[in-house]
Amino acid sequence: MLDTINPNNYSYETKHLEIHILGGLKTNKLESLRVTISIQKPKQFNVVRQSIDLYNDNQIEKLVRKVAERLEIGTSVVRRTLQELTKELENYRFLLVEKETIANQPFYKELSATETKQAETFLKSKNLLKKTNELIGKSGVIGEENSRQTMFIIFTSRKTNNPLHCISLGSSGTGKTHLQSKISELIPEEDKIEITVLSANAFYYFNRTELQHKLILIEDLDGAESVLYPLRELQSKKRIPPAAASMATASF
């Protein structure tokens with residue numbers, strides 16, 4: 001049975017052989033099963049070490065003969081053990097790939113039935129904007145009643161087909177960044193993309209749907225003239241024309 005407790009040193013033991021897989025498994029190339037293994041008889045010190053692709057028959061046969069000669073054991077035993085090990089590693093690698101896939105999926109918070117009902121009741125209530133503004137104030141955004149409400153509405157419009165956009169203008173130290181930061185805290189993390197450093201190709205590295213219904217937060221436009229064109233294209237046309245053949249197109 002394959003023992004994977006130590007991620008850098010799997011072990012596989014049978015009646016005749018003790019095998020260790022050094023360095024674990026790579027999950028990025030499923031067409032091969034390249035590993036570094038050490039093979040020995042149980043409780044003996046004569047060890048055969050080899051880096052090998054367990055999907056390569058020629059490499060397997062060479063290793064079988066090498067192990068049989070070094071450890072004085074039958075080739076059929078070595079071959080069968082390696083075949084069984086390959087199947088165990090293959091199955092375990094599929095589990096690793098599945099876990100990585102799940103871990104890399106974007107997180108989306110789902111409201112419970114009670115939370116959904118409360119939200120629907122609130123959205124149907126009178127003086128919705130006033131009540132929303134009051135809740136924004138209770139969240140810690142003090143003052144700036146008009147600005148905070150307007151910014152929250154703009155941020156919420158990300159869910160529409162024609163989202164709104166805003167630029168906060170004012171002299172240094174007047175709280176522009178603070179207001180944007182506090183209002184953005186009211187938006188789910190998975191719906192935000194915060195950009196602090198802008199390069200000429202900043203927006204070209206997103207895939208086709210990565211910006212869809214996302215709130216893009218740019219802290220400071222100073223020195224960001226090079227991104228204004230793709231930003232305007234994104235706002236007006238809902239897509240960014242390719243800057244180069246190798247760069248992906250991002251669209252809403």
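Numbers here simply count residues along the sequence, with the first being 1.
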Worksheet item: Okay, side chain of S147, backbone of E144: is any donor-acceptor separation there less than 3.5 Å?
Response: no
Worksheet, complete the sentence: One should read off an interatomic distance between I187 CD1 and K214 NZ, to the nearest 0.5 angstrom, of 12.5 Å
Discussion item. Just checking K131: does its NZ atom have more than 12 heavy atoms from other residues, nucleotides or ligands closer to it than 6.0 angstrom?
Written reply: yes
Worksheet, complete the sentence: Across all chains, not counting sequence neighbours, the side chain to side chain contact (heavy atoms under 4.5 Å, CB included) partners of E61 are R65, R79
Response to the item:
So salt bridge (charged side-chain N to carboxylate O under 4.0 Å, His left out) across residues 12-28, not counting sequence neighbours, yields none
Worksheet item: CE of M151 to CD1 of I153: how many Å apart, nearest 0.5 Å?
Response: 12.0 Å
Discussion item. I'd like to know if the side chain of N9 reaches the main chain of G23, judged simply by a donor and an acceptor atom lying under 3.5 Å from each other, with no hydrogens or angles considered.
Written reply: no
Item to complete: Spell out, as yes or no, whether a donor-acceptor pair under 3.5 Å connects the side chain of S157 to the backbone of I154.
Response: yes
Let me check something: any side-chain donor-acceptor pairs from residues 118-129 under 3.5 Å, sequence neighbours excluded? List them with distances.
{"unit_1": "T121", "atom_1": "OG1", "unit_2": "K117", "atom_2": "O", "d": "2.9"}
{"unit_1": "S125", "atom_1": "OG", "unit_2": "F122", "atom_2": "O", "d": "2.5"}

Practice prompt. Please answer: with hydrophobic residues joined when any side-chain heavy atoms are less than 4.5 Å apart, are F94 and L89 in the same cluster?
Written response: no
Discussion item. For the CG atom of L17 and the CZ atom of R80, what is their distance to the nearest 0.5 Å?
Written reply: 9.5 Å
Practice prompt. Using a 4.5 Å cut-off on heavy atoms from C-beta on, say whether the side chain of V48 contacts that of I37.
Written response: no
Worksheet entry | Side chain R148, main chain G143, donor-acceptor under 3.5 Å | yes
Worksheet entry | Spatial distance of atom CG (N91) from atom CG (L2) [nearest 0.5 Å] | 9.5 Å
Worksheet item: Side chains of N46 and R70: do they bring a donor and an acceptor to under 3.5 Å?
Response: no
Discussion item. Please enumerate all residues that pass side chain to side chain contact (heavy atoms under 4.5 Å, CB included) together with L111, with sequence neighbours excluded.
Written reply: K109, E115, T116
Fill in: same_hphob_cluster(L22, L96) at 4.5 Å side-chain heavy-atom cutoff
no
Worksheet entry | E185, CD atom: more than 12 neighbouring heavy atoms under 6.0 Å | yes
Fill in: T132 and Q149, any side-chain heavy atoms less than 4.5 Å apart
no
Practice prompt. State, to 0.1 Å, how close Q59 and D53 come at their nearest heavy-atom pair, and which atoms those are.
Written response: OE1-N, 2.9 Å
Worksheet item: Can you list the residues that meet the side chain to side chain contact (heavy atoms under 4.5 Å, CB included) rule with K29, with sequence neighbours excluded?
Response: E31, S32
Worksheet item: Given the rule that I, L, V, M, F, W and Y join up when any side-chain heavy atoms are under 4.5 Å apart, are L135 and V141 in one cluster?
Response: no
Worksheet item: Taking only residues two or more places apart in sequence or in another chain, which ones pass side chain to side chain contact (heavy atoms under 4.5 Å, CB included) with R49?
Response: S38, V47
Fill in: side-chain hydrogen bond (donor to acceptor under 3.5 Å, both in side chains) partners for E134, two or more places apart
none
Practice prompt. Mind listing the closest non-hydrogen atom pair of I39 and L71 along with its distance?
Written response: O-CD1, 3.9 Å
Item to complete: Please identify each residue that fulfils salt bridge (charged side-chain N to carboxylate O under 4.0 Å, His left out) with K87, with sequence neighbours left out.
Response: E90
Discussion item. Is it the case that the side chains of Q50 and T36 hold a donor-acceptor pair, with the cut-off being a distance below 3.5 Å and no angle test?
Written reply: no
Worksheet entry | Smallest separation among heavy atoms of P188 and R158, with atom names | CD-NH2, 3.7 Å
Worksheet item: What closest approach, in Å, do I73 and K41 show between heavy atoms, and which atom pair accounts for it?
Response: CB-CE, 4.1 Å
Worksheet item: What distance separates L25 CG from N8 CG, expressed to the nearest 0.5 Å?
Response: 11.0 Å
Discussion item. Salt bridge (charged side-chain N to carboxylate O under 4.0 Å, His left out), that's the test. Do K192 and E189 meet it? Break it down for me.
Written reply: CA-CA 5 Å; K192 294 186 292 187; E189 290 296 324; 3.0 Å; yes
Fill in: Rounded distance [0.5 Å steps], OG1 in T86 versus CD in E88
10.0 Å
Worksheet entry | Non-neighbouring partners of K159 that pass side-chain hydrogen bond (donor to acceptor under 3.5 Å, both in side chains), sequence neighbours left out | D191
Discussion item. If you define the side chain from C-beta out and look only at heavy atoms, does anything of V67 sit under 4.5 Å from L82?
Written reply: no
Worksheet entry | Pairs flagged by ring pair (Phe, Tyr, Trp, His ring centres under 6.0 Å) wherever residues 3-29 is involved - sequence neighbours left out | Y10-Y92
Practice prompt. Kindly give the cluster partners of V97, where membership spreads through any ILVMFWY side chain lying under 4.5 Å from a current member.
Written response: L30
Discussion item. Quick check: do L217 and I193 have side-chain heavy atoms less than 4.5 Å from each other?
Written reply: no
Worksheet entry | Results of side-chain hydrogen bond (donor to acceptor under 3.5 Å, both in side chains) for T81 - residues two or more places apart only | none
Discussion item. Looking at every heavy atom in both T14 and P42, which two are closest together, and how far apart are they?
Written reply: O-CG, 4.2 Å
Item to complete: Indicate the atoms forming the closest heavy-atom contact of R93 with Y55, along with that distance.
Response: NH2-OH, 3.4 Å
